[in-house]
Amino acid sequence: MSETPSNTLQYRFDGPEEAPVLILGPSLGTTWHMWDRQVPELMKQWRVFRFDLPGHGGAPAHPAGSVTDLAARLLATLDALGVHRFGYAGCALSGAVGAELALRHPERLASLALIAASPRFGTADEFRQRGVIVRTNGLDPIARTSPERWFTGGFAAAQPAITEWAVQMVRTTDPGCYIASCEALAAFDVRAELSRIGVPTLVLVGSDDQVTGPAEARTLVAGIPDARLAVVPGASHLVPVEQPAAVTDLLVRHFSTAWQPAFESTTGQTAIPAAPVKPVLAAPAPVAPVAEIAPAAMQPEPAGRPDRYETGLKVRREVLGDAHVDRALASADAFSGDFQEFITRYAWGEIWDRPGLDRRARSCVTLTALVAGGHLDELAFHTRAALRNGLTPVEIKEVLLQAAVYCGVPAANSAFKVAQQVIREETTPQE
C-alpha cells in the first residue's frame, strides 16, 4: 500500500523484487481486487503492480478528468518507485491508459494487453449523460445495473457473492471521481492514431461483452500493426473476473513471448532478437475493421489568426452533445449552412472557449439570457448543456428563481416548465 499525493496513484506490489514489473489496471468502478485471481500465477514470473483509480477502493479522491492525466499520474508513481520499464495490461478505462502510454511514452512499455478496450468508448454523449445521472442521483443507480453490464446472466445468477461485491465496489466509489472518469472516457478517441502503436499488443475480449465487444476489439487489431486477438468464450465485460483461468493463461503466454527489448540510449537503436514462436490466440482468418479508421479532415487555417471553426465544433459537441450537433449540421442547407458555420466559429469557437469564465458560469449566464428573451426551444437544450457542464438541478432552479426577479415571473414560469421536463428526462436512471 502507498501514501498517495494528488499527482500519483494508490498502488500495491506482489511478487519478487528482482522480477520485471507487470502492471494490471482496473476498469471504471472497480478496484485492483478485480485482478486477485490472476496474481498468484503472474507473480511467479513478474513483480505485479496494481493500482486504483482516483476515488476507487478507498484511494484519495483527487479527480482525473482525462486519460492523459491518469497516464501521467501512473508514470509519476512509477518514477517515484524507480520503475522505468514494464509490461502493462489494462481493462476498459485502464486499457485507454495503456493505449495512451503506447502512443506518448513507448520507451516505457515492453509489452501491452488491452482488455475489454476500444479506441473510442461509445459516444461522448453516453458518458456525459452518465455523469448527469450520478451528479443527480448518486452512484446507486449505476451500481445496481453494473452486474448486467459486467457479467453474463448465467454467471451473475450462479455467483451472487461476486455480483454483490461488484455492486458494493461501485457504491463505495467517490462520485466526483467517477464523474471525472466518465469525462475522461467521453474525450478519449485514438482511432486515427492506432497505427503508431509499436509495442507488441494482445487485444483480449469476452465473446458476450455488450459494452466493448468483439467488434471494438477487431477495430483495435486492424489498426495496431503488431496486435493479436483473443476472444474468451462465455464472458462479458469484466472478463478477468468471469473467466480468470483463461485470462491468466492468455496473459502469461503473451507477456512470456512478446516482451520487447529496451531502447538502447547509447546507440540510438533497439536490439531485435530472433522472433519467438508465438501461440495462436485467435483464428487466422483476416480481421476486417468494422469502421474506417482515418484522421478527421481538418479545416484550412488562414494566414495570421487561426480559424476557430474546429475549436468551436469541438466545444459545441462537448457542451450540447454529438446528437444535437449532428442534427443541426445535417439539417443545414444552402440557405442555413452559413449560419451554422457562423455560430460554430464565433459563438462556440470564440466566446464559449474564452478562459475568463468556466462552463458552469457560462451556462448560468446563458440560461438567464434565454429566459429574458423567451427563447424556450434553446432553453431546453441549454438546460441539457447545463447539466452536462456540471450544474445540478438545484442550481438550475436557483438560476431560474434569480431570473424570475429580474426577467419577470411569466417568463420564469414558462422556463420552469421547460427545464422541469428536461431535468426529468436527463436525470431519470435507465433501468
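What you are looking at is a predicted structure, and each value in this text was computed from that prediction instead of being measured.
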Less than 4.5 Å apart, any side-chain heavy atom of [X] and any of [Y]?
X      : Y      : value
Trp150 : Gln210 : no
Ile142 : Tyr178 : yes
Thr136 : Thr392 : no
Arg354 : Arg362 : yes

Taking the six-membered ring of Phe13, is NZ or CZ of Arg47 closer than 6.0 Å to its centre and within 45° of its axis?
yes
Do [X] and [Y] have side-chain N/O donor and acceptor atoms under 3.5 Å apart?
X      : Y      : value
Asp333 : Ser336 : yes
Thr428 : Arg424 : no
Gln340 : Arg316 : yes
Arg253 : Ser256 : no
Ser236 : Glu242 : no

Within the side chain of Asp52, is there an N or O that forms a donor-acceptor pair under 3.5 Å with the backbone of Trp32?
yes
Could you walk me through whether Tyr11 and Phe49 pass ring pair (Phe, Tyr, Trp, His ring centres under 6.0 Å), step by step?
CA-CA 7 Å; Tyr11 68 90; Phe49 176 101; 5.5 Å; yes
Going by an N to O cut-off under 4.0 Å, is there a salt bridge joining [X] and [Y]?
X      : Y      : result
Glu350 : Arg345 : no
Arg317 : Asp125 : no
Arg120 : Glu216 : no
Glu425 : Arg384 : yes
Glu193 : Arg104 : yes
Glu395 : Arg360 : yes

Knowing that exactly one of Thr257, Leu42, Val247 qualifies, which makes a side-chain contact (heavy atoms from CB on, under 4.5 Å) with Val252?
Leu42
Inspect the surroundings of CG in Asp358 and state if more than 12 heavy atoms from other residues, nucleotides or ligands are less than 6.0 Å away.
yes
Greater than 12 external heavy atoms within 6.0 Å of Arg171's CZ:
yes
Determine the interplanar angle of the Phe342 and Tyr346 rings, folded into 0 to 90°, and report it as parallel if under 30°, tilted if 30 to 60°, perpendicular if over 60°.
parallel
Look at the rings of His382 and Trp352 and say which category their plane angle falls in: under 30° parallel, 30 to 60° tilted, over 60° perpendicular.
parallel
